[in-house]
Amino acid sequence: QVQLVESGGGLVQAGGSLRLSCEASGRTFNTNAVGWFRQAPGKEREFVGGINWYGGSTLYTDSVKGRFTISKDNAKNTVYLQMNFLPAADAAVYYCAAAGAIGTVRGPYQHWGQGTQVTVSS
């Protein structure tokens, strides 16, 4: 099993920035990708972006392209989500997830963290 712990959420003013972290532990050797998802109240969980664990290629949903950047530190087993120019629409609980041996940044994702809250004030 892979354990994922998100951190870095909090309150930010509209237009501000946050960096989220996702630290993986456990049996991570067959993790091919880590993705970020978010879910706002009353909305479905949506894919934000992801990164291949070894190759480093990334994929983003259109609404965050140019504002969000996903990076990783393999030595720390950590993936980061840098979020810039945050509008209220970006407020949500953000989750990271790991795709296993058959997965890519497009999924399927098997292991999930508990989430971290991002609140954007007007």
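If you read the sequence from its start, that first residue is 1, and numbering goes on from there.
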*Asks:* Where do A92 and A40 come nearest, in terms of heavy atoms and distance?
*Replies:*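 A92 and A40 have their closest heavy atoms at CB-N, 3.8 Å.
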*Asks:* Work out which heavy atom in A99 is nearest to a heavy atom in P108; give both atom names and the distance.
*Replies:* CB-O, 3.3 Å
*Asks:* Of T119, V120, V118, which is the lone residue that meets side chain to side chain contact (heavy atoms under 4.5 Å, CB included) with L11?
*Replies:*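 Answer to the side chain to side chain contact (heavy atoms under 4.5 Å, CB included) test with L11 among T119, V120, V118: T119.
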*Asks:* Looking at every non-hydrogen atom in both residues, tell me the closest pair between S122 and A14 and how far apart they are.
*Replies:*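 Taking every non-hydrogen atom into account, CA-CB, 4.5 Å.
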*Asks:* Tell me whether Y60 shares a hydrophobic cluster with W36, the cluster being built from Ile, Leu, Val, Met, Phe, Trp, Tyr side chains joined at under 4.5 Å.
*Replies:*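 Same cluster: Y60 reaches W36 through Ile, Leu, Val, Met, Phe, Trp or Tyr contacts under 4.5 Å.
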*Asks:* Could you tell me whether a side-chain N or O of N32 sits under 3.5 Å from a main-chain N or O of G100, the two making a donor and an acceptor?
*Replies:*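 Side chain of N32 to backbone of G100, a donor-acceptor pair under 3.5 Å: yes, one is there.
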*Asks:* Do Q1 side-chain atoms and R27 backbone N/O form a donor-acceptor pair below 3.5 Å?
*Replies:*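 Here the side-chain-to-backbone pair does not exist.
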*Asks:* Once you round to the nearest 0.5 Å, how far does CG of L86 lie from OG of S17?
*Replies:* 6.0 Å
*Asks:* Quick one: OG1 on T61 to CZ on F47, what's the gap to the nearest 0.5 Å?
*Replies:* 7.5 Å
*Asks:* Rounded at 0.5 Å granularity, tell me how far OG in S7 sits from CD in Q114.
*Replies:* 13.5 Å
*Asks:* Counting C-beta onward and ignoring hydrogens, is there a side-chain heavy-atom pair between Y80 and I70 closer than 4.5 Å?
*Replies:* no
*Asks:* Could you grab the distance from atom OG1 of T31 to atom CG of N52, nearest 0.5 Å is fine?
*Replies:* 12.0 Å
*Asks:* Within 45° of the six-membered ring axis of Y95 and under 6.0 Å from that ring's centre, is NZ or CZ of R45 located there?
*Replies:*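 Satisfied, under 6.0 Å and within 45°.
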*Asks:* Tell me, do N84 and F68 make a side-chain contact under 4.5 Å, heavy atoms counted?
*Replies:*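 No - every pair of side-chain heavy atoms lies 4.5 Å or more apart.
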*Asks:* Can you hop from W53 to L20 via hydrophobic side chains spaced under 4.5 Å?
*Replies:*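 Linked within one cluster.
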*Asks:* So how far is it from S25 OG to Q3 CD, rounded to the nearest 0.5 Å?
*Replies:*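 The CD atom of Q3 is 4.5 Å from OG of S25, to the nearest 0.5 Å.
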*Asks:* May I ask you to decide if S121's main-chain N or O and Q13's side chain share a donor-acceptor pair within less than 3.5 Å?
*Replies:* no
*Asks:* Would you say Y54 and V34 are hydrophobically clustered, going by side-chain heavy atoms of ILVMFWY under 4.5 Å?
*Replies:* yes
*Asks:* Do the non-hydrogen side-chain atoms of L81 and R19 ever get within less than 4.5 Å of each other?
*Replies:* no
*Asks:* Can you check whether V93's main-chain N or O pairs, donor with acceptor, with Q39's side chain at less than 3.5 Å?
*Replies:*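 Absent.
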*Asks:* Can R38 and E46 be counted as an ion pair, charged N to O under 4.0 angstrom?
*Replies:* yes
*Asks:* In sequence, state the C-alpha distance, the side-chain angles, and the governing distance for M83 and D90, and then conclude on side-chain contact (heavy atoms from CB on, under 4.5 Å).
*Replies:* CA-CA 9 Å; M83 306 185 295; D90 288 332; 5.9 Å; no
*Asks:* Is it the case that N74 and K72 place a side-chain donor and acceptor less than 3.5 Å from each other?
*Replies:* yes
*Asks:* Among residues at least two apart in sequence or on other chains, which ones pass ring-ring contact (aromatic ring centres under 6.0 Å, His included) with W112?
*Replies:*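 Only F37 meet the ring-ring contact (aromatic ring centres under 6.0 Å, His included) criterion with W112.
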*Asks:* Is there a donor-acceptor pair closer than 3.5 Å between any side-chain N or O of T78 and the backbone N or O of K76?
*Replies:* yes
*Asks:* Drop me the distance from Y109's OH to C96's SG, to the nearest 0.5 angstrom.
*Replies:*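 Between atom OH of Y109 and atom SG of C96 there are 10.5 Å.
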*Asks:* How far apart are the closest heavy atoms of G8 and L18, and which atoms are they?
*Replies:* O-CD2, 3.9 Å
